[in-house]
Amino acid sequence: MKKQSINQTVPVRIVPSLSVTTMVQAAMIAALYVVLTFIANAFGLANHAIQVRISEALTILPYFTPAAIPGLFLGCLISNILTGCILPDIIFGSLATLAGALGTYALRRWKWCAPVTPILANILVVPLVLIYGYGFLIEGASLLYCYLYYVITVGIGEIISCGFLGMGLLFTLEKYTGKIFPKQNV
């Protein structure tokens, strides 16, 4: 075995860190999510059975940048806390947004799939939160009926938010991709 002299440098493995650009983008997306949720909440659109959270349109942003994933999660988490949601909604609603953002990023090669995972994540999770967290039950109806009812109502809001508004945002931002979301060496 060869001895190393004191003057020799030992190679150090450098772990890539988050760039300032990535952190700023994530913070801006989180802040924008909170502001848009407050606007929707002011009009009574952000919570309850039919939820048209304008902020959910931002769930297409992982199509452009992975910085949107933590930004959307934190934005949803902060929004749910500040708008007075109960703990299961804060936790599971935020995790549904995180799952949707991860799915959008995973499917970014297929533009038209950008809103699919946020819609699916929310229509599967939010009805359970409405039923078990808030106790929104329909008198005389079975749990399955209640769940399916909320799948439809939450689905309508998510299709409006993520599908129509989100895809409109995607096509608008696509024109400015290089300026807004510059390519980064990660």
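Computed over heavy atoms, backbone and side chain alike; hydrogens, waters and symmetry mates excluded.
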Are Leu169 and Val34 joined in one hydrophobic group, where the rule is that I, L, V, M, F, W and Y side chains link up if heavy atoms are under 4.5 Å apart?
no
Whether the side chain of Thr59 engages the backbone of Glu56 through a donor-acceptor N/O pair (distance < 3.5 Å, no angle test) should be reported.
yes
Assess whether a salt bridge exists between Lys111 and Glu174, defined as any Lys/Arg side-chain N lying under 4.0 Å from an Asp/Glu carboxylate O.
yes
Any chance CZ of Phe164 has more than 12 other-residue heavy atoms, nucleotides or ligands included, within less than 6.0 Å?
no
Where is the tightest heavy-atom contact between Ile60 and Gly166, given as atom of each residue plus distance?
CG1-O, 3.3 Å
Point-to-point distance, once rounded to the nearest 0.5 Å, from CD1 of Ile123 to CD1 of Ile156:
11.0 Å
How many angstroms lie between CD1 in Ile78 and OG1 in Thr37, if you round to the nearest 0.5 Å?
10.5 Å
side-chain contact (heavy atoms from CB on, under 4.5 Å) evaluation trace for Leu61 with Leu173
CA-CA 9 Å; Leu61 292 178; Leu173 292 177; 3.4 Å; yes
One pair to check against side-chain contact (heavy atoms from CB on, under 4.5 Å): Tyr134 and Cys85. What are the steps and the verdict?
CA-CA 9 Å; Tyr134 290 101; Cys85 295; 3.5 Å; yes
Starting at CD1 of Ile90, measure out to OG1 of Thr83 and round the result to the nearest 0.5 Å.
8.0 Å
Quick one: does Asn122's side chain have a donor or acceptor within less than 3.5 Å of a partner on Pro118's backbone?
yes
Look at atom CZ of Phe38 and say whether more than 12 heavy atoms of other residues, nucleotides or ligands are closer to it than 6.0 Å.
yes
Hey, quick one: are Tyr105 and Leu95 part of the same hydrophobic cluster, counting side-chain heavy atoms closer than 4.5 Å, chains of contacts allowed?
yes
Is the Phe171 to Trp112 ring centre distance short of 6.0 Å?
yes
When rounded to the nearest 0.5 angstrom, what is the spacing between CD1 in Ile54 and CD1 in Ile160?
11.0 Å
Might you point out which heavy atoms bring Ala67 and Ala26 nearest each other, and give the distance in Å?
O-CB, 3.3 Å
Polar side-chain atom of Ser161 near backbone of Ala57 as donor-acceptor pair, under 3.5 Å
no
Using every non-hydrogen atom in the two residues, find where Cys162 and Pro115 come nearest and quote the distance to one decimal.
O-CB, 3.3 Å
In terms of hydrophobic clustering (I, L, V, M, F, W, Y; side-chain heavy atoms under 4.5 Å; direct or indirect links), are Leu107 and Ile159 co-clustered?
no
Assess the side chains of Thr97 and Ser94: does a donor N or O sit below 3.5 Å from an acceptor N or O?
no
Indicate yes or no: at least one non-hydrogen side-chain atom of Leu98 is less than 4.5 angstrom from one of Leu72.
no
Please report the closest heavy-atom contact between Leu124 and Tyr147, naming both atoms and the distance.
O-OH, 3.1 Å
With a 4.5 Å cut-off on side-chain heavy-atom distances among I, L, V, M, F, W and Y, is there a chain of contacts connecting Leu87 to Leu128?
yes
Check: Ser79 and Tyr33 side chains under 4.5 Å, non-hydrogen atoms
yes
Taking side chain as C-beta onward, heavy atoms only, is Phe43 less than 4.5 Å from Val52?
no
Hey, are the side chains of Arg53 and Cys76 touching, using non-hydrogen atoms and a 4.5 Å cut-off?
yes
Test item: Met28 and Leu32 side chains (from C-beta on) under 4.5 Å apart, heavy atoms
no
To the nearest 0.5 Å, what is the distance between OH on Tyr145 and OH on Tyr150?
10.0 Å
What distance separates Phe136 CZ from Tyr149 OH, expressed to the nearest 0.5 Å?
11.0 Å
Check Val125, Asp89, Val154 against Leu130 for a side chain to side chain contact (heavy atoms under 4.5 Å, CB included) and give me the one that passes.
Val154
